[in-house]
Trainee: 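Shown below is the structure under consideration.
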Amino acid sequence: MVSRVIPVEPFDLVVFGGTGDLAQRKIIPGLYRRFWAGQIPADSNIIGAARSELDDAGFQDLARAAIAEFVAKDKHDKKVIEAFLARLSYVAIDAKGKGGWDALKAKMRDGVVKAFYFSVAPSLFGDLAERLHAHKIADANSRIVVEKPFGRDLESARALNAVLAKHFDEAQIYRIDHYLGKETVQNLMAVRFANILFEPLWKSEYIDHVQITVAETVSVDGRGAYYDKSGAMRDMVQNHMMQLLCLIAMEPPYHFDPDAVRDEKLKVIRALDPVKPEDIVRGQYLAGNEQGGYVEHSEDPTSKTESYIALKVNISNWRWKGTPFYLRTGKRLRARASEIAITFREPPHSIFDDAEGWRENVLVIRLQPNEGMNLMVMIKEPGPGGMRLTQVPLDMSFAEALGEEGADIPDAYERLIMDVIRGNQTLFMRGDEVEAAWAWTDPIIQGWEKRGDKPKGYDAGSSGPEDALMLMHRDGRRWREIRE
Ligand code: BG6
């Protein structure tokens with residue numbers, strides 16, 4: 001299969017927070033990979049902006065080290081790396097003051113796409129937007145990119161939206177949820193809307209329930225200060241898992257167009273029922289395997305923050321009434337595995353006597369690792385033993401099916417930054433979408449805070465707290481095993 005790389009227009013991209021962790025781990029390596037692939041025109045400029053007093057060469061050295069560490073060796077090409085670094089420059093800037101803004105303005109060119117990546121604390125969004133405007137650095141065509149966390153509740157998200165809206169139109173604001181940049185997440189839409197096969201069955205009449213799992217093996221060691229204020233609900237559910245749920249549950253948009261897609265996602269979020277306390281299980285990992293437990297990684301030894309959460313979510317609309325969505329995510333679990341499993345209902349009438357051999361059809365979409373799809377179907381067990389049934393997988397690994405291209409899946413950030421330059425907002429969250437997601441999340445969090453609920457301890461390397469099993473058993477269902 002021949003990869004189709006369509007170059008973007010030349011651009012000037014300013015990365016505020018250019019010396020920070022995200023820039024070094026994701027943004028710069030991602031840009032390099034796109035440059036290596038031939039997607040970035042040679043006359044594009046990347047300008048790092050941060051507080052540190054660095055010169056261009058110092059910033060290029062940082063970028064060189066980031067490429068060495070975070071880009072696969074097969075893409076290390078000395079000539080290409082030097083050509084890329086030559087496009088990098090740096091301005092020391094004071095987000096809250098006057099220093100550096102004239103120097104930045106002097107670097108920006110007319111006639112190219114101008115994009116500003118706010119890879120900084122959200123408390124600085126307003127200052128940056130204000131100064132870009134006051135110094136006439138941004139124009140009506142410029143784009144700004146903002147990262148999560150986009151607020152920590154509805155009120156703070158509204159305040160951030162308002163601060164950005166003072167100087168930028170919604171069409172200029174690109175709110176990143178990196179899950180939307182993952183190839184396999186976009187594949188959810190391709191699977192649903194480019195095949196006739198699934199859509200007729202995609203409703204509560206035929207689907208018993210949906211499980212969405214994002215399991216991680218990492219702990220929050222080193223990020224305790226952030227995580228204490230966030231927890232799994234804010235860190236993963238309000239954004240990433242909500243997006244997965246929307247892509248599974250939304251109606252077909254009339255076109256793969258930014259607002260058409262986002263309108264449909266918004267309708268799903270608005271149709272989510274409030275979650276009952278008995279449909280929520282929160283957990284916190286305990287010490288184990290010579291590693292500390294959550295409280296040792298937290299700044300607060302009495303922390304009640306959840307590192308695991310499972311929820312039963314109901315969607316009140318015609319398509320989904322009666323089909324629960326079970327969501328679970330956690331740190332320090334037994335494997336890193338993200339998947340969506342759609343379990344279909346029983347056929348209306350069985351003509352076979354082998355009731356014991358029968359299993360439900362399940363469509364599993366594996367998001368990471370081992371990206372692919374698996375459809376569990378019933379067949380006849382081979383042999384002369386009568387009509388006995390057995391279940392087999394129709395298993396497709398994207399890497400195998402797509403060859404080299406499938407094995408070399410680009411990082412989410414690569415795709416998303418190129419979309420910013422192309423001016424395509426389909427895979428970015430709109431302001432009203434983010435607010436609606438917080439409007440659903442807030443009462444859930446307020447509920448457990450008011451009740452003073454404590455998370456249940458779970459062993460590191462396990463599948464999460466026992467109570468999460470009950471959430472399913474109660475309904476006569478079972479979680480799928482968490483494994484790579
Ligand atoms: C981030 C969360 O947004 O997503 C992290 O803050 C989490 O806590 C990460 O580990 C998971 O992303 P991925 O791409 O590794 O699945």
Side-chain angles (χ1 to χ4, degrees), residues 11-28 31 44-63 65-66 85 87-110 112-153 155-170 172-176 223 225-226 229-230 413 417 420-421 431 434:
F11 59 83
D12 284 352
L13 169 68
V14 180
V15 184
F16 291 107
T19 56
D21 189 56
L22 182 77
Q24 298 298 313
R25 261 185 323 114
K26 295 287 184 186
I27 304 173
I28 301 288
L31 283 163
S44 300
N45 290 335
I46 297 155
I47 302 154
R51 262 196 317 214
S52 324
E53 287 298 335
L54 272 185
D55 56 10
D56 293 349
F59 186 61
Q60 289 162 357
D61 285 345
L62 279 181
L85 294 177
R87 307 314 308 172
L88 265 56
S89 65
Y90 183 80
V91 215
I93 213 151
D94 178 1
K96 287 184 173 290
K98 291 191 176 144
W101 292 94
D102 289 337
L104 178 59
K105 188 176 164 75
K107 281 181 184 283
M108 306 297 292
R109 299 168 298 169
D110 287 331
V112 296
V113 173
K114 290 184 205 164
F116 302 91
Y117 201 127
F118 292 7
S119 178
V120 297
S123 57
L124 294 177
F125 288 179
D127 296 303
L128 294 181
E130 167 87 48
R131 280 164 182 74
L132 285 174
H133 179 76
H135 291 268
K136 299 200 167 50
I137 298 173
D139 56 34
N141 240 331
S142 305
R143 288 134 213 193
I144 57 168
V145 187
V146 294
E147 272 289 335
K148 95 176 237 283
F150 199 84
R152 66 182 317 273
D153 53 20
E155 197 188 336
S156 51
R158 274 195 182 139
L160 283 178
N161 275 336
V163 136
L164 297 178
K166 267 196 206 162
H167 303 296
F168 295 93
D169 287 343
E170 183 60 35
Q172 297 178 278
I173 304 172
Y174 290 71
R175 294 178 197 77
I176 287 206
R223 303 172 74 209
Y226 155 75
K229 291 199 201 76
S230 143
Y413 280 88
I417 298 172
V420 173
I421 306 300
V434 180

Trainee: At their closest point, which heavy atom of G431 faces which heavy atom of N161, and how far apart are they?
Mentor: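 Between these two residues, the closest heavy atoms are O-ND2, 3.5 Å.
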
Trainee: Quick one: do V91 and I47 satisfy side chain to side chain contact (heavy atoms under 4.5 Å, CB included)? Show the steps, please.
Mentor: CA-CA 7 Å; V91 215; I47 302 154; 3.5 Å; yes

Trainee: Quick one: side-chain hydrogen bond (donor to acceptor under 3.5 Å, both in side chains) partners of R87, sequence neighbours excluded?
Mentor: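 R87: side-chain hydrogen bond (donor to acceptor under 3.5 Å, both in side chains) contacts with N45.
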
Trainee: Verify, without hydrogens or angle tests, whether Y90 (side chain) and E53 (backbone) share a donor-acceptor contact under 3.5 angstrom.
Mentor: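 No, because the side chain of Y90 does not come within donor-acceptor range (under 3.5 Å) of the backbone of E53.
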
Trainee: Salt bridge (charged side-chain N to carboxylate O under 4.0 Å, His left out): which pairs involve residues 89-106, sequence neighbours left out?
Mentor: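 For residues 89-106: K96-D127.
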
Trainee: Output the distance between atom CD1 (I144) and atom CZ (F168), rounded to the nearest 0.5 Å.
Mentor: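 Taking CD1 in I144 and CZ in F168, the distance rounds to 4.5 Å.
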
Trainee: Can you sort out the partners of S142 under side-chain hydrogen bond (donor to acceptor under 3.5 Å, both in side chains), two or more places apart, ordered by chain and number?
Mentor: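 Scan of S142 (side-chain hydrogen bond (donor to acceptor under 3.5 Å, both in side chains), adjacent residues dropped) gives D139.
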
Trainee: For the CD atom of E130 and the CG atom of L164, what is their distance to the nearest 0.5 Å?
Mentor: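 Rounded to the nearest 0.5 Å, the CD-CG separation comes to 12.0 Å.
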
Trainee: How many angstroms lie between atom CZ of R175 and atom CZ of F150, to the nearest 0.5 angstrom?
Mentor: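 So the CZ of R175 and the CZ of F150 are separated by 4.5 Å.
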
Trainee: Once rounded to the nearest 0.5 Å, what's the spacing between atom CD1 of I28 and atom NZ of K26?
Mentor: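 The NZ atom of K26 is 14.0 Å from CD1 of I28, to the nearest 0.5 Å.
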
Trainee: Between W101 and A95, what is the shortest heavy-atom contact and its length?
Mentor: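 Nearest pair, atom of W101 first, then A95: CZ2-CA, 4.2 Å.
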
Trainee: Taking the side chain as everything from C-beta on, heavy atoms only, tell me whether R152 gets closer than 4.5 Å to S230.
Mentor: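 No, every pair of side-chain atoms sits at 4.5 Å or beyond.
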
Trainee: Can you find a heavy atom in the side chain of I93 that is under 4.5 Å from one in the side chain of R51?
Mentor: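 Not touching, per the 4.5 Å side-chain cut-off.
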
Trainee: Which donor-acceptor pairs under 3.5 Å do side chains of residues 116-125 form with protein atoms, sequence neighbours excluded?
Mentor:
| from | atom 1 | to | atom 2 | distance (Å) |
| --- | --- | --- | --- | --- |
| Y117 | OH | E147 | OE2 | 2.6 |

Trainee: Take L104 and I137 through the test side chain to side chain contact (heavy atoms under 4.5 Å, CB included) and record every step on the way to the result.
Mentor: CA-CA 8 Å; L104 178 59; I137 298 173; 4.1 Å; yes

Trainee: Within a reach of under 6.0 Å around CD of E155, are more than 12 heavy atoms found that belong to other residues, nucleotides or ligands?
Mentor: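 No.
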
Trainee: For V163 and G126, which heavy atoms make the closest approach, and how far apart are they?
Mentor: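 Shortest heavy-atom contact: CG1-CA, 3.2 Å.
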
Trainee: Distance check, rounded to the nearest 0.5 Å: Y413 atom OH versus L22 atom CG?
Mentor: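 Separation between the atoms: 4.5 Å.
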
Trainee: Do any N or O atoms from the side chain of R131 and from the backbone of G97 form a donor-acceptor pair under 3.5 angstrom?
Mentor: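 Side chain of R131 to backbone of G97: a pair is present.
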
Trainee: Got a sec, which residues hit salt bridge (charged side-chain N to carboxylate O under 4.0 Å, His left out) with D169, two or more places apart in sequence or on another chain?
Mentor: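 Listed in chain order: nothing, the list is empty.
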
Trainee: What pairs of donor and acceptor atoms, side-chain ones from residues 11-19 against any protein atom, are under 3.5 angstrom apart with sequence neighbours left out?
Mentor:
| from | atom 1 | to | atom 2 | distance (Å) |
| --- | --- | --- | --- | --- |
| D12 | OD1 | R109 | NE | 3.0 |
| D12 | OD1 | R109 | NH2 | 2.7 |
| D12 | OD2 | R109 | N | 2.8 |
| D12 | OD2 | R109 | NE | 3.4 |

Trainee: Has R25 got more than 12 heavy atoms of other residues, nucleotides or ligands less than 6.0 Å from its CZ?
Mentor: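 Enclosed.
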
Trainee: If you look at every heavy atom in Q60 and L85, which pair is closest and at what distance?
Mentor: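 Closest pair (atom of Q60, atom of L85, distance): NE2-O, 3.1 Å.
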
Trainee: Atom CD1 of I46 and atom CD1 of I27: how far apart are they, to the nearest 0.5 Å?
Mentor: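 Spacing of CD1 (I46) from CD1 (I27) equals 10.5 Å.
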
